[in-house]
Amino acid sequence: MRYKVKNIVFVATLLCGLIIFLISPKDEFSEIENRRLALFPTISINSIMHGKALNEIDSYVNDHFIARLHFKKIANFIAGLKGIEQDIGIVSRNPVNIAAAVPMGHSQSTNQPNSSPNSEQAFQNIESIIIYNDRAIQLFGGGTKNLKKYNEFLAAIKEKFGKNNKVYLLPIPIGGDYYLPYAVNKGKLKERSNIEYIVENFTGIDKVINVYNSLKEHSGEYIYFNTDHHWTGLGAYYAYVEFCNNIGLNPMPITSLEKGQIHGFLGTLYAKTLSTKLKQNPDYVDYYKVSNALTMKTYDSIGGKANAGKVYYESAKAGGSYGVFLGGDKPLVIIKSGLNEKKILVIKDSYGNAFVPYLAAHYGEVHVVDYRYLNGDLTSYITKNEIRETLFLHNLYVLNNPYTLSREMGMFK
Amino acid sequence: MVFSSLIFIFGFLPITLIAYYTTNSYLIRNAVLAILSLIFYAWGEPIWVTLLILSSLVDYCNGLFIEHFREKKIAKLGLYCTLVVNLGLLATFKYSDFIVENFNAIFSTNFSKPGFMLPIGISFYTFQTISYTLDVWSGQVKAQKSYLKFILFVSLFSQLVAGPIVRYVDIEKEIQSRKYIPSVFSDGIDRFVIGLFKKVCIANVAGELAAKFLDAPGESQTISQLWFGILMFSLQIYFDFSGYSDMAIGLGKMFGFTFYENFNYPYISKSISDFWRRWHISLGSFFRDYVYIPLGGNRNRLVLNLAVVWSLTGLWHGASWNFILWGLYFGVLIYIERKIPLFIITIVPTSVKIIITLLLIIFGWAIFYYDDLNKLSMFLIGAVDFKNKEFINYEVEGVVLANIYWLIITLLMCTPVFNRFKSRYLVSETNVLVYATHSIIIITMFVISVSLLVGSTYNPFLYFRF
């Protein structure tokens with residue numbers, strides 16, 4: 001008897017599931033997951049024969065299943081019971097292509113870069129992404145073997161220009177050294193070693209600006225994002241202070257700058273890991289405005305048409321919030337402050353976007369080149385525009401990547 | 001369609017059960033099952049139903065042909081026909097790329113690979129229909145005259161897509177007449193839920209961990225991650241496949257069919273020979289009965305027979321050299337086991353036997369996993385590279401700890417402990433408390449499985465490439 005009851009209950013449960021599914025209204029959009037839910041596919045003989053319609057019906061059923069979100073909550077709860085929750089979440093194991101993969105500002109500006117870099121080439125020395133204390137941290141894997149050639153390259157540039165052009169290098173730490181737990185890096189500070197090598201060996205140029213210790217001192221402050229691979233406007237500010245101290249400029253106090261803030265920023269490392277921890281603690285982007293009187297023009301190539309640009313794209317939002325700085329990565333931008341006749345050329349990656357606006361407080365013209373997107377001859381550009389100072393501004397991944405060297409050598413033939 | 005999907009559990013299954021049980025007529029019941037089974041099969045890729053029907057028609061006719069001309073020489077035609085057609089189908093749709101590749105390599109030609117897509121379940125239904133024809137030939141069964149009943153045998157959704165390989169002789173009676181016995185149906189429900197749990201909660205979890213650690217063997221940081229990865233794969237493939245077989249057996253029971261067990265706790269095997277009597281039993285016995293014994297078994301040409309059977313067993317699993325290597329690996333081990341003196345077998349404690357066998361099996365899975373021989377060699381080198389790699393790091397440690405309870409339960413499920421516990425304490429004709437506990441456990445397993453299915457992105461089925 002009890003078997004009959006059980007059998008009937010089982011079949012009835014399944015049947016109820018079916019009926020309720022069929023008659024319940026279907027949502028179109030899931031707020032929580034921020035995506036459209038699958039639509040019921042159009043049926044045609046063709047789509048059935050090749051299995052496409054049926055696959056789509058499967059997705060449709062999965063997306064609209066009864067009490068789907070409740071079941072997901074149960075699933076998350078169960079998943080948490082599998083073992084002892086760890087502080088350190090290891091997410092991605094394979095080399096991650098971040099810097100070049102997301103040309104910042106792609107969606108916002110109307111000026112598209114002429115050529116996107118081949119994503120395979122612009123890859124990073126990343127072993128994995130760790131999530132620790134609600135922060136996504138990348139592991140810097142590189143040794144110093146690629147730096148020797150870059151050193152020679154920079155020394156050759158300096159030699160070519162001689163006294164006419166001061167050449168600086170500012171290597172930017174990724175932040176792993178400051179935030180990784182001992183269990184992960186066993187106390188080995190690879191970024192520090194890398195920067196120390198640079199300071200010791202890159203003697204052919206005028207100055208290597210070492211911001212490692214300064215950033216380390218401020219590492220308790222919000223100088224790196226938790227969900228994105230970039231540093232913040234504040235982190236760039238401290239590097240800017242160090243830059244000024246090194247070359248004899250007077251840095252503006254941060255209190256004299258007007259601050260703006262963009263909330264709800266989930267950056268590249270969130271996109272890569274989709275970690276719920278990161279999602280629950282989104283970033284915000286603080287930007288410190290040097291002045292409202294700055295003008296900026298963007299160019300797709302040297303001598304190309306000038307397009308309007310803004311130093312601060314204050315309408316940036318959501319995943320593109322970092323694009324508040326310069327509107328993203330452009331081949332060439334020129335920021336004019338009208339302060340004086342001094343000019344500086346900065347060759348940078350996307351970290352540079354947060355840094356270069358500060359230079360506009362000291363230079364009448366700041367010429368900014370993204371090493372990935374500009375093709376052209378910078379040697380003659382520097383001479384023609386009478387630029388007397390050149391800053392190479394790169395994060396450690398980019399600095400240690402042979403692709404960077406090959407791109408820049410192409411610009412300084 | 002797969003069993004472990006919402007559309008099957010809450011769509012196909014209730015509809016089929018209700019359609020089946022609304023009538024008492026066997027004719028209608030068989031028709032319902034046959035038609036719905038074909039729809040089930042067609043749901044994945046409708047076009048391949050044609051091959052299924054073709055294979056079944058051919059062997060339906062072969063069976064009748066052999067029966068009609070029994071004792072006459074011409075009956076052999078039926079035998080050749082089944083082999084040519086079914087093996088031909090396999091050669092074309094499963095092995096043609098492999099054949100062309102090797103032909104090109106040997107004769108330095110440059111034929112392009114046909115690139116056929118693998119029809120689901122082809123390795124199962126071709127073997128089923130071959131076994132039918134061979135059994136008719138040997139007189140074990142009489143040919144089935146009703147095409148409806150025959151196609152039911154071939155296409156029955158519970159075992160069509162991923163086994164067990166069911167022989168006609170085993171379900172001949174049940175095709176004719178089945179009874180609804182409440183306790184059997186109830187067992188079927190239990191079995192189905194257990195299988196679903198194994199698939200969704202154990203195999204899928206193990207699979208994600210395996211892929212994480214095994215997919216880039218050349219870049220592994222530690223030795224333990226490779227071993228842990230292979231251990232996870234060993235668990236994944238066992239629970240994936242045995243879970244599916246459980247569901248098949250459970251579903252069969254719901255419709256009055258009894259299928260034989262396909263797995264019998266293979267990871268507590270005491271030897272490799274023992275292992276193959278516990279793993280994918282229906283395949284092992286197929287090769288034993290239809291290839292090994294007809295070739296002479298262990299009476300003459302033992303080495304050759306073993307080589308043939310084990311290469312074929314490996315090859316059945318996939319059209320790539322690593323699978324053949326995997327099969328031969330076991331062939332060699334089985335041969336060696338036969339040569340071990342009896343006194344050693346009796347002296348060695350059972351636990352040692354089990355451990356050694358497990359290591360051999362797990363190592364075998366490494367050969368099975370990497371169909372790229374390059375990656376396989378990177379794995380093998382990395383797995384013993386004590387000089388250049390550290391043994392364990394925070395990552396492996398973290399993953400093990402983060403899954404430790406799951407891991408313990410999974411390892412226990414490889415042994416009969418839960419089953420024994422159930423047989424002793426959870427089976428009672430009279431005790432209501434026992435009945436309630438049993439029901440609560442089944443309900444919980446079902447709810448957990450459905451929850452994990454909802455919105456999960458990772459739900460592969462490994463033996464699906466057969």
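Residue numbers begin at 1 in each chain, while the letters A, B, ... track the order of the sequences. We use all heavy atoms of the structure for the numbers below, so side chains are in, but hydrogens, waters and symmetry mates are not.
- Counted within 6.0 Å of CZ on A:Phe77, heavy atoms from surrounding residues, nucleotides or ligands total 12 or fewer; the atom is thus considered open.
- Taking chain A as the reference chain and counting heavy-atom pairs below 4.5 Å, the highest number among B:Ala402, B:Ser183, B:Pro14 is found for B:Ala402.
- The salt bridge (Lys or Arg N to Asp or Glu O under 4.0 Å) test applied to B:Arg191 returns B:Asp246, B:Glu261, not counting sequence neighbours.
- Closest approach of A:Gly17 to B:Phe10, counting heavy atoms only: CA-CD2, 3.9 Å.
- Note that the CG atom of B:Asn393 and the NZ atom of A:Lys186 stand 6.5 Å from one another [nearest 0.5 Å].
- Ranked by heavy-atom pairs under 4.5 Å with chain B, the list A:Ala67, A:Ala75, A:Gly83 is led by A:Gly83.
- Looking at A:Ile19, there are no atoms closer than 4.5 Å to chain B (heavy atoms on both sides), in backbone or side chain.
- Residue contact with chain A, scored on non-hydrogen atoms closer than 4.5 Å, is absent for B:Tyr21.
- In summary, of the residues considered (B:Leu13, B:Ile15, B:Ile18), a side-chain contact (heavy atoms from CB on, under 4.5 Å) with A:Leu14 occurs for B:Leu13 alone.
- Taking CZ of A:Phe21 as the start and CD1 of B:Ile7 as the end, the distance is 7.5 Å to the nearest 0.5 Å.
- In plain terms, the two heavy atoms of B:Ser451 and A:Ile74 that are nearest each other are OG-CG2, 3.5 Å.
- Contact annotation: the side chain of B:Val450 approaches that of A:Phe65 to within less than 4.5 Å [non-hydrogen atoms, C-beta and beyond].
- Open room surrounds NZ on A:Lys216; 12 or fewer heavy atoms of other groups in view lie less than 6.0 Å from it.
- When A:Ile84, A:Ile78, A:Leu18, A:Val61 are compared by the number of non-hydrogen pairs under 4.5 Å with chain B, A:Ile84 comes out ahead.
- Looking only at side-chain heavy atoms (C-beta outward), B:Trp406 and A:Leu81 stay at 4.5 Å or farther from each other.
- Of the listed residues B:Leu17, B:Asn403, B:Asp187, the one with more heavy-atom pairs under 4.5 angstrom with chain A than any other is B:Asn403.
- Interface residue B:Phe446: only side-chain heavy atoms are found under 4.5 Å from chain A.
- Salt bridge B:Asp190/A:Lys6: present, at least one basic N to carboxylate O contact under 4.0 Å.
- Looking only at heavy-atom pairs under 4.5 Å with chain B, the residue among A:Thr13, A:Val11, A:Val184, A:Ile57 that has the most is A:Val184.
- Aromatic ring centroids of B:Phe185 and A:Phe10 lie 6.0 Å or more apart.
- The candidate with the highest count of non-hydrogen atom pairs below 4.5 Å against chain A, out of B:Val193, B:Ile443, B:Val447, B:Ile189, is B:Ile189.
- For a residue to count as touching a neighbouring chain, one of its non-hydrogen atoms must lie under 4.5 Å from one of that chain's; by this rule B:Ile9 touches chain A with backbone and side chain alike.
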